[in-house]
Structures are given as C-alpha cells and as structure tokens.
Amino acid sequence: MAELQLRNARPLVRAFYERDPRRVAREILGKVLLRREGRKLRAGRIVEVEAYLGVNDPAAHAAAGRTPRNRVLFGPPGHAYVYFIYGNHYCLNVSCMPEGKAGCVLIRALEPLAGMEQMRGARGLKGKRREADPRLLTSGPGRLSEAFDITRSRDNGKDLTAAESDLVIVDGDGAGGRVRVTTRIGISKAAHEKLRYVLAGNAFVSGKKI
DNA sequence: TTATAGATTGCCT
DNA sequence: GGCAATCTATAAT
C-alpha cells in the first residue's frame with residue numbers, strides 16, 4: 001500500500017474495538033499501525049497479537065481489578081494501554097469491550113511498511129552487524145514498541161481512533177494469509193488458552209517459525 | 001519496608 | 001542455552 005494512502009487513511013472506528021478481544025484480535029491482523037510525526041511516517045502491518053480477557057483471565061493485568069496502572073483497560077475501547085515490563089521494555093495493547101469492562105489485545109509483531117530508517121535509529125541498530133536483519137525491527141512486543149518510540153508517558157491512554165492522533169491503526173490490504181491460533185507466549189497463568197493469533201508463515205511473527 | 005515475579009530482549013558462553 | 005538489565009504492582013515481613 002502506498003505511503004501517501006497510508007498517511008491519509010482514517011483510523012478504525014471505536015465500534016471495531018467495542019467487542020470481545022478474541023474477535024478484535026482475529027480481525028486486527030493485517031491492519032496497519034501508524035506513527036505520524038509531521039512529514040515522517042512509520043507504518044507496520046500487524047501480523048501477531050494476543051487477546052487478554054477481563055477480570056476472569058488470570059494472565060491479564062485486569063485480573064487484579066482496577067488499579068492506577070491498568071485503568072485504561074477499564075476505560076473506553078480503542079485506547080492504547082502501554083506498560084513497562086522486566087525493567088526494560090514497553091508493550092502496546094489496545095483496549096477492547098465497552099467502557100467499564102476490561103479486555104485488550106497485545107500487539108506482538110509488525111511487518112515494517114514505511115519509516116524503516118527511523119525504526120533502525122530508534123532501535124539503536126545503525127552501524128551494527130545486526131542492522132541487516134529486518135526482523136529485529138518490529139518482531140516482538142518490546143522491539144516494536146522501541147521501533148515506534150512507544151512509551152508509557154507518551155502514549156498510555158492515547159485514543160487510537162482519533163483522526164488527529166499521532167498513533168493510530170488503519171485499514172490495510174487485508175490479512176493476506178491464513179490466521180493461525182496458538183497458545184500465548186511468556187505467561188505462566190492460563191498458559192493453555194489458545195489466544196494468540198498470527199498470520200501463518202509471515203516472516204515477522206516473533207519466536208520460531210511456524 | 002523489603003522481596004519477588006513478570007504479556008522481554010540482547011549478549012554471553 | 002543461560003542470565004543480566006532494572007520498573008511496577010503486589011505479597012510478605
């Protein structure tokens with residue numbers, strides 16, 4: 001998809017997110033995350049996500065009930081929930097379900113479409129041997145957050161459906177591949193639940209090739 | 001007040 | 001394959 005077309009695309013509407021995270025997770029594959037800063041544009045196709053349910057999902061941050069940290073999850077749908085993990089990394093989620101009910105989708109991997117140079121800079125890969133591997137840009141929740149300069153102070157609570165927002169999700173060329181459902185990664189609670197959605201065979205899916 | 005686990009990644013052996 | 005980095009919420013003193 002042409003860069004100009006992406007830049008002018010309208011964000012997905014709030015109703016898209018106002019549903020069960022499992023539905024949203026499946027349908028958000030193939031959509032495009034945009035960071036718009038003046039003339040600069042970073043864009044990545046969503047190829048891997050995980051659904052986190054409400055207070056009944058032991059692995060979800062919402063399981064402990066509403067706290068200052070996770071309040072976005074209980075707010076209106078279509079907002080960014082950004083948290084810091086392992087003392088090193090930010091992760092980007094989108095809130096789902098109607099206001100008052102928790103639920104979200106964790107964005108785990110992107111296929112870079114535009115602004116790769118900026119992403120390399122943000123990731124600190126310039127001049128390194130590893131610079132050549134495009135998978136290191138956005139393949140993994142911590143990596144894509146760093147590539148898009150996503151931080152808690154900057155983006156937590158941001159409305160991803162607002163036309164004027166610098167961080168939005170827009171329509172893409174479609175899923176462009178079959179959706180595969182697997183167990184979630186990196187969790188210990190409710191680890192058997194199949195709530196991870198990937199575009200089968202896409203090279204930018206994190207972890208081992210499936 | 002202190003301890004610990006966690007929706008991860010990069011560098012080491 | 002192992003482990004350090006080092007923020008946050010929650011559990012344990």
- Note on the structure: Winner on side-chain proximity to A/Thr67, out of B/dT9, B/dG10, C/dT10, is C/dT10
- Which nucleotide in the list C/dC7, B/dA7, B/dG10 gets nearest to the side chain of A/Arg143? B/dG10
Would you mind reading off the distance between [X] atom [atom1] and [N] atom [atom2], rounded to a whole angstrom?
| X | N | atom1 | atom2 | answer |
| --- | --- | --- | --- | --- |
| A/Asn156 | C/dT8 | CG | P | 11 Å |
| A/His89 | C/dT8 | NE2 | P | 14 Å |
| A/Arg108 | B/dT9 | CZ | C1' | 12 Å |
| A/Tyr86 | C/dA4 | OH | P | 15 Å |
| A/Leu53 | B/dA7 | CG | P | 14 Å |
| A/Tyr197 | B/dA7 | OH | P | 18 Å |
| A/Leu137 | B/dT9 | CG | P | 13 Å |
| A/Ile185 | B/dT9 | CD1 | P | 9 Å |

- Task: Look up atom CZ in A/Arg143 and atom CZ in A/Arg108, then write down how far apart they are to the nearest 0.5 Å.
- Result: 10.5 Å
- How far does CZ of A/Arg14 sit from CD of A/Glu99, to the nearest 0.5 angstrom? 9.5 Å
- For side-chain contact (heavy atoms from CB on, under 4.5 Å), just list the numbers for A/Glu48 and A/Asn202, CA-CA rounded to whole Å, side-chain angles, deciding distance to a tenth of an Å, and then say yes or no. CA-CA 9 Å; A/Glu48 174 184 352; A/Asn202 188 288; over 6 Å; no
- Item | Pairwise 5' ranking along DNA chain B for A/Arg123 and A/Ile187, keeping only the more 5' one | A/Ile187
- Query: Between A/Ser139 and A/Lys189, who's closer to the 5' end of DNA chain B by nearest nucleotide?
  - Reply: A/Lys189
- Item | Mate of B/dT2 where both pairing distances stay under 3.5 Å, Watson-Crick or G-U | C/dA11
- So what's C/dT6 paired with, Watson-Crick or G-U wobble, going by both distances under 3.5 Å? none
Just call it for [X]: base, sugar-phosphate, or nothing, with non-hydrogen atoms closer than 4.0 Å on any strand.
| X | result |
| --- | --- |
| A/Asn70 | nothing |
| A/Arg152 | nothing |
| A/Arg69 | sugar-phosphate |

- Item | Interatomic distance at P, C/dA4 relative to B/dT4, whole Å | 15 Å
- Query: Should the ring pair A/Tyr81 and A/His61 be called parallel, tilted or perpendicular, given that the plane angle runs from 0 to 90° and is split at 30 and 60?
  - Reply: perpendicular
- Task: Salt-bridge test for A/Asp20 and A/Arg23: reply yes if a basic N is under 4.0 Å from a carboxylate O, no otherwise.
- Result: no
- Query: Are OP1 or OP2 of B/dA5 and a side-chain N or O of A/Ser188 less than 4.0 angstrom apart?
  - Reply: no
- Task: Measure distances between side-chain N and O atoms of A/Tyr83 and base N and O atoms of B/dA7, and say whether any donor-acceptor pair falls under 3.5 Å.
- Result: yes
